[in-house]
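All ligand and atom numbering here is 1-based and tracks the order in the structure. This structure is a prediction, so every number in the text was calculated from the model and none was measured.
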Amino acid sequence: MISSPLMTVMVDAVRKAARGLKRDFGEVENLQVSRKGPGNFVSAADRKAEAVLREALTKARPGYGLVMEEGGTVEGQDKTHTWHVDPLDGTTNFLHGIPHFCISVGLEREGTIVAAVIYDPIKDELFIAERGKGAYLNNRRLRVSGRQDLADSLVLYGSPYLGRGNHPRLLKELATVMAVTGGVRRFGSAALDLASVACGRADLYWERDLQTWDIAAGLLLVREAGGFATSADNGPDPMAARSVACGNEVLHRELIALLRKANQ
Ligand code: 2AM
Ligand code: CA
């Protein structure tokens, strides 16, 4: 387990915001049957969670900048530190009453992610990592899977929202990956997908058209768990590229080759 003042700040903030989200999720389940659905209610829940996170993080570290899904970018006096905050990753799941979503908070220091918290309030799973100190799920140290054969591997992916990204490209990539791997899953939370690779539940994950708050925390989890994470085009900086491919060293290399082949 990691105990540091920084981790305490992050975990406290995330747990506080999660209490509200969990309560609101209970309400969403009741709203499914209404004609309009729970759309506005979910937007409000998302904004409330973000406000809680923003207040707690800013109170503890006043000068740090923030990049938030709802509130956009807030410059801080301290130009070396930036929080990347996703108050509700897996929004579509939440909206439809599917219990698979999380809060994700990553801290960037001069271009490097140094601390990460991802919390799934439904499963009560807290994923944390600090650069150089390892990654943990609750109190257990994490390690990416050791599988070496694509044929045995479970692969996660994500697809862009309607009207966004490049669907034909994804379909080519998916066909290429599906043809040679053990199975594919599309769970709908980039942060939890990265966390799943970090803890060895899934072997590989790739997705394009993401934002920094979707992946900041998860990237550190994967790397601190001994995994490799690049952009989907094998670039060194997924945050800049807004895409990710990750897994253990051997399977990551194979995934990159498959994605390249699909795009030829
Ligand atoms: P969200 O739930 O916060 O919207 C789904 O594939 C995953 O990608 C989710 O983590 C989703 O975050 C994220 N995502 C971010 N931008 C996206 C986009 N343009 N299209 C689809 N998913 C996106
Ligand atoms: Ca997100």
Side-chain angles (χ1 to χ4, degrees), residues 14 17-18 20-22 24-25 28 37-54 66-73 82-106 108 113 116-123 125 127 155-171 173-174 177 184-198 202 204-222 229 231-232 238-246 259:
V14 165
L21 265 193
K22 198 172 171 188
D24 289 340
F25 184 69
V28 161
N40 290 338
F41 179 81
V42 172
S43 303
D46 201 340
R47 284 196 305 272
K48 265 192 298 178
E50 187 172 283
V52 170
L53 289 162
R54 183 177 173 176
L66 293 116
V67 182
M68 296 168 292
E69 168 141 38
E70 301 301 316
T73 301
T82 307
W83 299 111
H84 294 266
V85 177
D86 194 339
L88 173 53
D89 189 55
T91 317
T92 305
N93 287 339
F94 190 99
L95 181 73
H96 288 266
I98 295 168
H100 187 74
F101 56 87
C102 68
I103 294 174
S104 175
V105 177
E108 180 187 342
I113 306 148
V117 173
I118 293 175
Y119 184 56
D120 172 343
I122 301 299
K123 298 182 201 72
E125 289 189 331
F127 296 88
V155 187
L156 311 183
Y157 71 99
S159 45
Y161 286 125
L162 182 62
R164 305 272 286 276
N166 184 336
H167 289 212
R169 174 168 68 175
L170 171 69
L171 291 175
E173 292 178 347
L174 186 56
V177 170
V184 294
R185 300 283 187 277
R186 200 278 191 232
F187 287 139
S189 161
L192 287 178
D193 289 345
L194 285 158
S196 298
V197 170
L204 288 164
Y205 164 60
W206 93 98
E207 184 161 0
R208 298 177 186 273
D209 304 299
L210 294 166
Q211 301 293 337
T212 62
W213 52 76
D214 298 315
I215 56 176
L219 289 170
L220 183 63
L221 282 169
V222 168
S231 79
M239 295 273 282
R242 304 282 201 263
S243 73
V244 63
C246 66
L259 297 177

By side-chain contact (heavy atoms from CB on, under 4.5 Å), which residues pair with Arg242, not counting sequence neighbours? Gln211, Thr212
So, do Glu69 and Pro87 sit near enough that their side-chain heavy atoms are less than 4.5 Å apart? yes
Distance from atom 14 (N) of ligand 1 to nearest protein heavy atom, with residue and atom: Asp214 OD2, 3.8 Å
For atom 12 (O) of ligand 1, the protein heavy atom that lies nearest, with its residue and separation: Asp89 OD1, 3.0 Å
Counting N and O atoms only, with roles assigned by atom type, does the side chain of Arg164 sit under 3.5 Å from a partner on the main chain of Asp209, one being a donor and the other an acceptor? no
Would Ile122 and Phe101 count as a side chain to side chain contact (heavy atoms under 4.5 Å, CB included) here? Give the steps. CA-CA 8 Å; Ile122 301 299; Phe101 56 87; 3.7 Å; yes
Got Leu194 and Phe127 here, is their nearest side-chain heavy-atom distance under 4.5 Å? no
Enumerate the atoms of ligand 1 whose separation from the nearest heavy atom of Leu88 is less than 4.0 angstrom. 3 (O)
Backbone or side chain, does any N or O of Ala190 fall under 3.5 Å from an N or O of ligand 1? yes
Please check: side-chain N/O of Glu50 versus main-chain N/O of Met68, any donor-acceptor pairing under 3.5 Å? no
So do the side chains of Asn166 and Arg208 get within less than 4.5 Å of each other, counting heavy atoms only? no
Results of side-chain contact (heavy atoms from CB on, under 4.5 Å) for Val177 - residues two or more places apart only: Val155, Thr181, Val184, Trp206, Leu255, Leu258, Leu259
Just jot down the ligand 1 atoms closer than 4.0 angstrom to any heavy atom of Glu69, in number order. 3 (O)
Option set Gly218, Gly90, Gly163, Ala191, criterion heavy-atom distance to atom 2 (O) of ligand 1, minimum: Gly90
Atoms of ligand 1 close to Ser189 [distance to a heavy atom under 4.0 angstrom, numbered from 1]: 10 (O)
Atoms in ligand 1 flagged as close to Glu207, the criterion being non-hydrogen separation under 4.0 Å: 5 (C), 6 (O), 7 (C), 8 (O)
Geometric N/O contact Arg186 with ligand 1, under 3.5 angstrom: yes
Is the contact between Asp209 and ligand 1 made by the side chain, the backbone, both, or neither, using heavy atoms and a 4.0 Å cut-off? backbone
Atoms in ligand 1 flagged as close to Ser159, the criterion being non-hydrogen separation under 4.0 Å: 6 (O), 21 (C)
N/O donor-acceptor pair under 3.5 Å between Ser243 side chain and Ala232 backbone: yes
Return the residue, atom name and 0.1 Å-rounded distance of the protein heavy atom closest to atom 23 (C) of ligand 1. Tyr161 CE1, 3.6 Å
What protein N/O/S atoms lie closer than 3.0 Å to the Ca ion (ligand 2)? Asp86 OD2, Asp89 OD1, Asp214 OD1
May I ask you to check if ligand 1 and Pro160 share an N or O to N or O distance below 3.5 Å? no
Considering only distance and modelled atom types, tabulate donor-acceptor pairs under 3.5 Å from the side chains of residues 90-99, sequence neighbours left out.
| from | atom 1 | to | atom 2 | distance (Å) |
| --- | --- | --- | --- | --- |
| Thr91 | OG1 | Leu88 | O | 3.1 |
| Asn93 | ND2 | His100 | O | 2.9 |
| Asn93 | ND2 | Phe187 | O | 2.8 |

Atom 19 (N) of ligand 1 - nearest protein heavy atom and its distance: Arg164 NH2, 3.1 Å
State whether the side chain of Asp89 and the backbone N or O of Ser104 hold a donor-acceptor pair below 3.5 Å, judged by distance alone. no
Would you say that Cys246 contacts Tyr205 through its side chain, given a criterion of any heavy-atom pair below 4.5 Å between the two side chains? yes
Beyond-backbone contact of His167 with Pro160, side-chain heavy atoms, under 4.5 angstrom: yes
What do you reckon, does Gln211 have a nitrogen or oxygen under 3.5 Å from a nitrogen or oxygen of ligand 1? no
